[in-house]
Colleague: 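Next up is a structure, given as structure tokens.
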Amino acid sequence: MKIKDGFILRTVADSCIVVPVGERSIDFSGVITLNEVGAFLWKALEQPCDKAALLEKLTAEYDVDADTAAKDIDAFLAKLREANLLDD
Amino acid sequence: MKKLKVADINVLIKYDHPTLTKQAQAYLSDFDKENIRINIPDEELDRLQRENPHLSVDDVEYIFTGAAFYEGIINYNGFLLHSSGVCVDGWAYLFSADSGTGKSTHTALWQKYLGADRARIINDDKPAIRIADGQIYVYGTPWSGKTDQNINMRMPLGAIVFLERSTENFIRPITAQEAIPKLFQQTLRPHDSAQMNKLLDVLDRVLSETPLYRLGCDMSKEAVELSFNTIRKDK
């Protein structure tokens, strides 16, 4: 899976935000604010990857046990799917 | 083509209709080379008018030249904030909200209670914010929405306040993270990614350095006292 094309992830005034550009800005006019972990996962998902790879990256980067990390990833992916931001 | 200096940007622009002719009067200038060129041919104005039958050609010229200017200003460290801007004691304060919420009403109340000499409306609907000479300034522009209240001057930005109607008056500081979605609702968003990155560069600095507030207010004198005493920079 992968984040759909047409989004810019940037830090603005210490906040991680995602904004649509190009074609994407026509059907998605909002702005997404992410926390640090959200931004980390978003960045990972800019390249095609699976849940196992996300889990490996997240546990390598943060001091978090695999169960908690897996739950965080599931919750994040569910939000992305709900907002139709993922290509499967 | 006429020459205007708006927000310290040289604008070469074609216009013929009364509203912009009147509003642009105070911005007429002279220069050798333009930064922004705005040339909407008559056929295009007519086409836009037919697409927007509730508007006159005069309205169309005013609205679409404004849109072109605010697209262009992105290339000069600037952006539009849909807001009513009031200047007091050397600082500009911007009250931003959807149309019809009461931002102009609130700044008009500042004028009523602080005096129209002390509280001046720099632009009642679409002031420009721009980083120039290393500082963040609010600029008046000829494009000020339905009112003709704009002044050709610049003033350092003192605060951005997101206004909502409320029966209880309240004001509280908000974080940049809270402000960003509100701000994006009240500006022109570039579709091109290079332009978007330029806007985000400017917003990074503006939102890092500017006090940001959320204000709920009615139309009372107390509402003005609360907002003015909380956000004023000279205290």
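Computed from a prediction, not measured in an experiment: that's the story for all the values here. Below, chains carry the letters A, B, ... as their sequence lines are ordered, and counting in each starts from 1. Note: hydrogens, waters and symmetry copies are ignored here, and every other heavy atom, side chains too, is used.
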Colleague: Which of these passes side chain to side chain contact (heavy atoms under 4.5 Å, CB included) with A:Val12: B:Leu200, B:Leu199, B:Val202?
Modeller: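 Considering B:Leu200, B:Leu199, B:Val202, a side chain to side chain contact (heavy atoms under 4.5 Å, CB included) with A:Val12 is found only for B:Leu200.
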Colleague: Of the listed residues (B:Leu203, B:Asp192, B:Asn197, B:Leu207), which shares the most heavy-atom pairs with chain A below a 4.5 Å separation?
Modeller: B:Asn197
Colleague: Is the count of non-hydrogen atoms from other residues, nucleotides or ligands lying under 6.0 Å from A:Glu56 atom CD greater than 12?
Modeller: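 Counting other residues, nucleotides and ligands, CD of A:Glu56 stays at 12 neighbours or fewer.
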Colleague: Is there side-chain contact between B:Ile180 and A:Ser15, with heavy atoms separated by less than 4.5 Å?
Modeller: yes
Colleague: Can you check whether A:Val19's main-chain N or O pairs, donor with acceptor, with B:Arg189's side chain at less than 3.5 Å?
Modeller: no
Colleague: If you count the non-hydrogen atoms of other residues, nucleotides and ligands that lie under 6.0 Å from CZ in B:Arg47, is the total more than 12?
Modeller: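 Yes - once you tally the heavy atoms of other residues, nucleotides and ligands closer than 6.0 Å, there are more than 12.
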Colleague: Who in residues 69-81 of chain A is close to chain B, using a strict under-4.5 Å heavy-atom cut-off?
Modeller: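 Within residues 69-81 of chain A, near chain B: nothing under 4.5 Å.
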Colleague: Taking CZ in B:Arg120 as the centre, count heavy atoms belonging to other residues, nucleotides or ligands within less than 6.0 Å. Is the count above 12?
Modeller: no
Colleague: So for atom CG, which belongs to A:Asp88, do other residues, nucleotides or ligands contribute more than 12 heavy atoms lying within a distance under 6.0 Å?
Modeller: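 Correct, the count exceeds 12.
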Colleague: Among residues 33-53 of chain A, which residues come closer than 4.5 Å to chain B, judged by heavy atom distances?
Modeller: A:Thr33, A:Leu34
Colleague: Using a cut-off of 6.0 Å, state whether more than 12 heavy atoms not belonging to A:Lys57 lie near its atom NZ.
Modeller: no
Colleague: Going from OG on B:Ser193 to CD1 on A:Ile8, what distance comes out if it is rounded to the nearest 0.5 angstrom?
Modeller: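 So the gap between those two atoms works out to 5.0 Å.
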Colleague: Quick one: closest heavy-atom pair of A:Pro20 and B:Met196, and the distance?
Modeller: O-CE, 3.9 Å
Colleague: May I ask you to name which of A:Cys16, A:Ala13, A:Gly22 has the most heavy-atom pairs under 4.5 Å with chain B?
Modeller: A:Ala13
Colleague: For chain B, which candidate among A:Ile32, A:Val21, A:Ile17, A:Asp14 shows the most heavy-atom pairs at distances under 4.5 Å?
Modeller: A:Val21
Colleague: Is B:Asp201 paired with A:Arg10 through a side-chain N to carboxylate O contact shorter than 4.0 Å?
Modeller: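 A salt bridge is present here (some side-chain N lies under 4.0 Å from a carboxylate O).
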